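One structure below.
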Amino acid sequence: MDTQKYYEFCTRVKTISGHNSLEEIPQALMDLNAKSPMIITDKGVSAVGLIQLVQDAIKKSKNKIEIKVIFDDVPADSDITTVNEIAKLYKEKGCDSIITVGGGSPMDTAKGVNILVSEDADDLMQFTGAGAIKRRLNPLIAIPTTSGTGSEMTLVAVIADHSKNKKMAFTSYFLLPDVAILDSRMTLTLPDFLTAPTAMDALTHACEAYTCLAKNPLSDSAALFAIELIRDNLLNVIKKPKDANGRLALANASALAGIAFSNSMVGMVHTIGHAIGGVCHVPHGVAMSILLPYGLEYNLHKTGHLTGELLLPLAGSEKFAAIPKELRPLKSIEIIRQLNEDLHKATGGRHSRFLSEVRNREGTQMIPKDKIRDIALTAQNDGSIFYNPEELDLEDLIMVIEAAWEGVPIDRKKIKMSKETSKVKIKI
Amino acid sequence: MRIENYPEIIPGKNPFKKIYLAIFLWITGRAIQAAARTDRVVKKEFEMLPDDFMLYLGVSPNGPGFVVGKDSNGKAKYMGAKLKGKSITLKMIIKNIEAAFLVFTFQESTAVGFAHDRFMVSGNLDEACRIGRVLDIVEIYLLPKIITKLAVKRYPNWKQMSPIRKHVGRVIIYTRAILGF
Amino acid sequence: MKLTEQFKFFNQAKIISGNKGLNNIPVELDDYNASKPLIITDKKSVEKKFDKIFIKALSDSNLIIGALYGSVSNEAKIAEVRELVDLYIARGCDSIIAIGSESSMNTAKAVNLMLCEKKDFLEIKDVNQNLKPLIGILTIDSRDTFTTDIVTVDARTLQSNYLFPNVVIIDPRMVKGGSEESVVERSLLALTQSIEAGTYGVNNPMNDSYIYSANQYIYENIKVLSKNRQETEAAVAIANAVYMAGVAFSNAPTGIAYALAKEIHKLTGESIGKVAAIILPHALRWINGKKDNGIKDKILQSLIGIEGYAKTPSEKRSIMVIDEIENLIKSFPKSLPSNLKDLKLQRYILENIANIIPDKIEYKITAKECLAIIDAAWSSEKEKV
């Protein structure tokens, strides 16, 4: 293991994992001196009865916990108006804590609400930027319902201001939830075409965290465990959606990957993925699954040795030992591409393998070829570009996106390579 | 225990490193203004920034640092070393003098500095990305290749930046940075 | 890897490790709106001038050191804790920084508890609130208290999630030097804690990621550092391992080697690290024979690396772990004997300890089995277990 010259690492989230971990919520709230929580979620989550599970778990308890109010109308593109509305409700109903149930949007919204209610402020804007929050916030419990974003483990909240057409990032260790509840029941009903890309999102967090500039020993271990759990469980869960152990394993993988990337940041896969999301409104996980092999491929001359090490959790020790060192990096990439193929088959073609294949519910192509330049221009201004091992200018971005659009590997001759730092000579 | 045996301690100062950083940041700040008026790529990056854009790049907690913003004509302008009284839209602050010294003596490249959490960035992230690219170009102009290579991820080849553009630009930017026009 | 069906994990401490780490203290305290810390450290640290290095690292900040108390003795004492509470209040401090040995950290945690609970340490039964910001700075004298959620003062121990420090700092300037013996003792204590956390504990991937990183750091660096205590990278790596093992230890049931070593330390004053290391392979051999538990083969990967692990057939991996640890322990003959007999302990004391261990740990073990492990460690004979 490389001894990193310098790193910072923080996961101040108490994690409770299990098939019945919802039942731990009352005690967790008591430990945090809270008894009047508000639930923040979206319609999709409440419609499939997941909030009922949470309510039941709380009712069963002897602790005097009373859910003051349930807000289940967080929109998919939640923004500052929603945050303000919920914060008002929180104060009106005299809540003292938040339980957020859902994917990225409810979690980000809940973090925003928590800033407002804890700081007793009206204007979220004054808390943007590093170090703006200067005190512990009120208790926040996060219960993820997709195994992908890892938001339950991250210190970031991204909240849009649609009126100003802006997205604001809030980063603070105080935004880390106090408790994350991983319960297999919360993901049992997730359909395969959502399970696949969200798990691939987690896989991307793990792979990028392991190969990017801000890697560190603890994010490395978390990433390797996450990959192994995804390898062992993803395809099984797609084939047997009611496999509770597999679901719990994926929830853990997602949380581990969240720990890894929250502490080491991510690179160009996210750079381009965020841009595709912004320009073409493609779901994050879908872009991630497609772009992951390209990101690893582009950086091979810088971090090939690390990509090679990913083969161990991706393929298992037997296969890993059988493949010579210099072939491992490309093998890792091949396995990820194959995984996308397998998921494509297992979901009856609903899991996309390349960008031109991504379609919306009406069957329209979501990423027309003429949007590639716009995507690249947007990508240039995504913060994650700082953490990518190799430089990416506009031309490079276009080249990578074009390849991912067609579904062909990158032509390595076109990569403008800076000094090679990979400890393994890559055999092409 | 006698409380007076354990007095308050006010930690000292390190003038040498502070002076080095003050000079380095003074030149860089003025060179950004000069480059925005000389180099077409930098100029374009500045055009894309909002009209009220104002950058503070400095060291926590008491500086040194510099402010560069857009003037009323929308041109890049060096606005001094002090933060006070200015409405900053993008703050890039290095956590302490020692960390700043590592980054600005190129013992840690800018990218590694970011990876090592040396910076605290507040404000719009896409403005930070533009400024990151501007700083890379400014460093290419200001410093010899052997040093700039330590600071940037990828030094441009002659196709991306011709030697003529680089050397002529370097003379102009230096002159403008020192004379301040 | 099969996960255990129910588990929990928590680690409050943020870690900052590496070049100029100390210089981040002002920014870290500022996160908590704090700027006037009380510094608690000990004679050993002051002798090594760690206090001076620390103060220098705070140059050019707006921080004022409320007071620097550098006389904590080898064990944390309640009288000293009470006096430091008065000092903290008199100077209007808003945070605490502990530097160096275990006693400094224990004292700091107890001061913090008294300040927040507004009660005497001896009257505090449990903790249910966030405490004042507490930063721990690891040195060559630091052990697990810097990262665990436990405090011990005058033989009274409390455990609470609120007792984790907020930030732990590892800076190369504070972790170099010392004797070979100290390196061996410190590293092997961490190794025992992390290996046992990975063996008696549940299959918890959160904790496992600390365990495997700790093992790997110890294995890759202990020999280098024991030869050259000025080797920066190795020194930082071992300090990291101490931190990680402490976290893992806090999140898993106590293991047998550690429990035995702790009791032996209490009665004889012998170093926990040394005793634990000698017992560890024998305790592992015993547990490896159990049907419901065994040594996870992945531990081997963290010890000998990806390549070696991948090449070892899976049925041999657990045994390899024990062999590896046994070989490691034998590599420091000057600092660590290979059996308890050579530590010159009294045999009858060990027999008494075997009787009390079954009540002290969660894992089921009989006094007879404990004695068998001690016997094996006494003369380093494999067949006794």
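Chain naming here is simple, since letters A, B, ... match the order of the sequence lines and numbering starts at 1 in each. Being a predicted model, the structure only gives us computed values, none of them experimental.
Only the side chain of Tyr309(C) has a heavy atom closer than 4.5 Å to any heavy atom of chain A. Heavy-atom distances place both the backbone and the side chain of Asn166(C) under 4.5 Å from chain A. Heavy atoms closer than 4.5 Å to chain A are found nowhere in Asn251(C), neither backbone nor side chain. The part of Asn245(A) that comes within reach of chain C is its side chain, from C-beta onward, which places non-hydrogen atoms under 4.5 angstrom from that chain. When heavy atoms are compared at a cutoff of 4.5 Å, Asp31(A) approaches chain C solely by way of its backbone atoms N, CA, C and O. If you measure heavy-atom distances from Leu312(A) to chain C, the contacts under 4.5 Å come from the side chain alone. With a threshold of 4.5 angstrom between heavy atoms, Phe164(C) does not approach chain A through any atom at all. Looking at Ile259(A), the atoms closer than 4.5 Å to chain C (heavy atoms on both sides) all sit in the side chain, from C-beta outward. For Tyr219(C), no part sits under 4.5 Å from any heavy atom of chain A, backbone or side chain.
Both the sub-6.0 Å distance and the 45° axial angle are not jointly satisfied by Arg135(A) relative to the ring of Phe174(A). The side-chain tip of Lys14(A) does not point at the ring of Phe9(C) from less than 6.0 angstrom away and within 45° of straight on. In this structure, Arg328(A) forms a cation-pi arrangement with Phe320(A), its terminal cationic atom sitting closer than 6.0 Å to the ring centre and no more than 45° off the ring axis.
Side-chain atoms of Thr232(C) and Arg173(C) form no donor-acceptor pair, as typed in the model, at a separation below 3.5 Å. Using a 3.5 Å distance cut-off with no hydrogens or angles, the side chains of Asp297(C) and Ser318(C) do not pair a donor with an acceptor.
Between the side chain of Ser209(C) and the backbone N or O of Met206(C), at least one donor-acceptor pair lies under 3.5 Å.
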